[in-house]
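The block underneath contains the structure these notes are about, expressed in structure tokens.
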Amino acid sequence: MAELNFKEIEEKWQRRWEENKVFDAEIEEGKKFFLTVPYPYTSGPLHIGHGRTYTIGDMIARFKRLQGYNVLFPMAFHVTGTPILAIADSIAKGEEEVVERYRDYVSIYEDEEKVEKIINSFGNAENVADFFADRISEDFKRMGYSIDWRRKFNTTESMYNKFIEWQFKKLYDKGVIKKGKYPITYSIEDDSAVGEDDIEEGDINKVSIIEHTTIKFKLADDSETYLIAATLRPETIFGVTNLWINPAARYVKVRVGKENWIVSREAAEKLGYQKEELQITNYKLQNEEAGGGFFIGKKVKEPVEGREIPVLPASFVDADVGTGVVYSVPAHAPYDYIALEDLRREKGLEIAPIKIIDIEGYDLPAKEICERMGIESQEDERLDEATQIIYKDEFYRGVLNEKCGDFAGIEIAAIKDEVKDWLKGKKVADVFYETSRKAVTRGGGKVIVAVLQDQWFIDYTPSWWKDMGHKLVEGMAFYPEKYKAYMQDIIDWLALRPCARKRGLGTRFPYEKDWIIESLSDSTIYMALYTIVHLLRQLPVDALDEKFFDYVFLGIGDAGELAKETNIDADTLNRIKEEFEYWYPNDLRHTAPPHLSNHLVFFLMHHAAIFPERGWPRAITLNELMIREGRKMSKSKGNVIPLAKVSELYGVDLYRLYCAINADFGSVVNWREQDVDALRRRFNALVELFEQSIDTGAEELREDELTHPDRWLLSKFYRKLRDSIERFDAFKIREAGINMVFNLMNDIRYYEHRESEERRKRIVRNLMDDWLIILSPIVPHICEEIWHKNRADRKLEFVSLQTLPEIKEGFIDDRVEREEEYLVSLIGDTKEIMKIARIKPSKIYIYTAEEWKWEIFRAIRDLPDKDKIKEAMQLRKDKSTVDFVKRVMKSNLAYFELNESEILEREKEYLMREFGCEIGINAEYDPKGKKKFAIPLKPAIYVEE
RNA sequence: GCGGGGGUAGCCGAGCAUGGACAAAGGCGCAGGACUUAAGAUCCUGUUCCGUAGGGAUACGAGGGUUCAAAUCCCUCCCCCCGCACCA
């Protein structure tokens, strides 16, 4: 048999599909199916993990075609946002790490001599985007995806900008586009917002924004000036005994409104990015910063009761965390307790802790935790841990005591925010944002929290919107189903989202042109554009204004008038509108769970807001990600395989099969070379099975020559086919695939053992066409190849365009399958006996159950266990009846009528072949008295040496 | 912390929603055999323990409970993974 060249086969069929426009979708009679997968971001090559989602999407598209749907499966490219711009900037600056990475990326696709030139062009973001968009298109074609490529676009095209502007106008009209303050992570050095990608180790050690509460302590000798302490536990203010200042740090005075605030120099800088009214002046008249020591020993007034408390030195205070001023609650904060202990030892200073929280198991929590953990110095690293423990315990179990005024008797968890608000109301507290850890950007710039004063948001909080979102989700299907409830929660949780930035590629914000629409907010309803994009290309961009889209998408306005205004004739307008209305809604969006709480929820909410109900999406399916050899794939680990290499390294169909079979949607696919190899052998064996039937010119079996094993295999085949179609339709592609590859192959192997290789070749011929059709969504290239090889006259009849095979129900035969199971278990039992008794048989005697046993078997089959013996004894009063019924109960055999001796007589020859000896059926000869052990469906066996 | 998902044999991984045929599919690995000059591939057999007749014992994170019966239901505990936003 000739070795198949998979690569050639892939290319051949991809070419023919393209030449014959097999996947170009046009309006047709009958049912339609519009499937989308999120467009890829074109900052670099995709890897096999990304490929999983697109591949599954393609399988669904292909399956739906077989089901008779007119399928639209389009693709576009996402370019908007900051990363591509950042990459281009880095390359323009010549940052070696980035340049090196992109050299590697480009080398995946290009010969070495071209690489440098292409990299040089990458100083321009557009070139990066275009290069990878082109390559990813090629990758997708090479993966055999059944995409209608005429509808390809990217998100920086002016046509797209027009569409996004329209979207924002619709949202603005609904009153959900707003302006306000918002804290973000920010780099002073770069003068811009920074995200996870921009932060050093931001991907593995996330930086989040933490809200501290600042509390003002008035200096006793200066009524306009306050030391500003920051805390995460404002409710502990009732227990404050002193302030802490780090003598080694530098402090400055800043002017906030009419007050002077004293904070660390570092904090002053951060405050400058958070409070617009802030002015910085240096402390002391001689225009110098003050060392922390300047304040030591001064008195301040705590703001609740106005007690005077001292300012004391502490080394644990970090000038770069919070304000560099900390208030001390030694009863409940381990750091404070230990620092005071130090002072007591060194200076003899006695300050009594003020206990304000009652909690079971503690008297003075800070003291006890330190003693328990053996902490004695404020340099001890375990203080953090001790603080955590106390914080947690007190938060959930602690109750404020009588020292806390109106808040006494209430649990911390329930009252924390109220205390904070109360302090804010008294004008003694304010908000200060801090990063959850110290962080720098990848360029080394310090990351702080800045508060944007005029950030644009989408406000998802209006209840009308949430209600619509819930309703939309309620009417949708999700697979895996658990994500439906999860999505409802996400909708509730969704609040304000900034929707524009100052930087990045994208559409200008229509209401303030120096803002650019943020890239997730511009990717919410773009599926609608797929339906008409190929038609829009023939129109002048200027015509694509609000009225145009209102008409096409919402049916608002009049074609005749619009034609006059836009210079597009009314027929064209209607043609476009019709195309949209034909394809919409999006019947299925297939993606991966990381999109749930961002892209997908926006996708749903924006549809709910903008489109009428008939335009709402119908279903979402999600597949988990892919790992490799048990580990996450990542650039830094260097363990990614580019999608572009799949064909060369593995073959596309093998990859697709692996994606289909290795894991269900809800589980991670583990790409393991060992398993891939094993699957390759299976896959090759399957292909060979088909090839052999074709090459030898084996003929189909005629119905009148079918034997029992033939009927058995046909029954198995059509049962599995029926089952697999059901499962595929329910997106259980893995189960369908395992059924149609692994399990069927096992059946055929068994069949061949039962019959012969020759006959196997013939019967495969009977099944081949039906089998190829159901396999074609998963491994389309090889199916197409064999489909055509099988019948040379097929030419343009692609397997990809067939309809699902008819299930030949007549072949599905319980009896035939039961009979075969009966034989298999008989043979298994016999072999078991031979093994245990270590006998080489000269003859094997098989005794089927006598008729009375069958009668009782029938009579008691539906009775509960406890009644079985009683019933049986009424039918036949004999001790052997009891033994028999016990054996039946133990054996757990499902009732089924079989004529055992008839089967055995028929298969006698097969049994002889199997055991290589004589077989006696129901003989009188029974030297060891085995006969009595026979029960229905489980004959007694005697093996003679 | 909040929300979600898990812990199954040497490994990966089904099954658990509707408890019973579950010593637990399938794959990998390992061992033996057939084939081969050999290797690979393929096929067969085995892979918790005991057993010279198809059987028995112990097992599905740990510990309890419900039941005639639990990997499957209930409770408690331990451990692991994911998301928590402005980022594609």
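Here is how names work: the chains are called A, B, and so on, in the same order as the sequence lines, proteins then strands, and each is numbered from 1. None of these values were measured; they are calculated from a predicted model.
For the C1' atoms, the distance linking G7(B) with G13(B) amounts to 13 Å, nearest Å.
In this structure, Glu821(A) places its CD atom 16 Å from P of A25(B), rounding to the nearest Å. Straight-line distance from the CG atom of Asp677(A) to the P atom of A41(B): 10 Å, rounded to whole Å. For the pair Leu596(A) CG and G5(B) P, the interatomic distance rounds to 13 Å; values are reported in whole Å. Rounded to an integer number of Å, the gap from Ile490(A) CD1 to C2(B) P is 18 Å. In this structure, Lys835(A) atom NZ and C50(B) atom P are separated by 12 Å, rounded to whole Å. The CD atom of Glu688(A) sits 10 Å away from the C1' atom of A41(B) (whole-angstrom rounding).
When all heavy atoms of Ala133(A) and Phe77(A) are compared, the closest pair comes out as O-CZ, 3.6 Å.
Summarising the base pairing, U42(B) is matched to A34(B) through a Watson-Crick or G-U wobble pair whose two defining distances lie under 3.5 Å. If you check C60(B) for Watson-Crick or wobble pairing at under 3.5 angstrom, you find it has no partner at all.
Of the listed residues (Tyr479(A), Phe478(A), Tyr483(A)), just one forms a ring-ring contact (aromatic ring centres under 6.0 Å, His included) with Phe665(A), and that residue is Tyr479(A).
A cation-pi arrangement, defined by a distance under 6.0 Å to the six-membered ring centre and an angle within 45 degrees of its axis, is present between Arg589(A) and Phe603(A). Cation-pi geometry between Arg754(A) and Tyr910(A) is met: under 6.0 angstrom from the ring centre, within 45 degrees of the axis.
Side-chain N/O atoms of Ser667(A) include one lying less than 4.0 angstrom from OP1 or OP2 on A14(B). Contact annotation: Arg672(A) side-chain N/O to C28(B) OP1/OP2 distance is not under 4.0 Å. The phosphate of G54(B) has neither OP1 nor OP2 within less than 4.0 Å of any side-chain N or O from Arg887(A).
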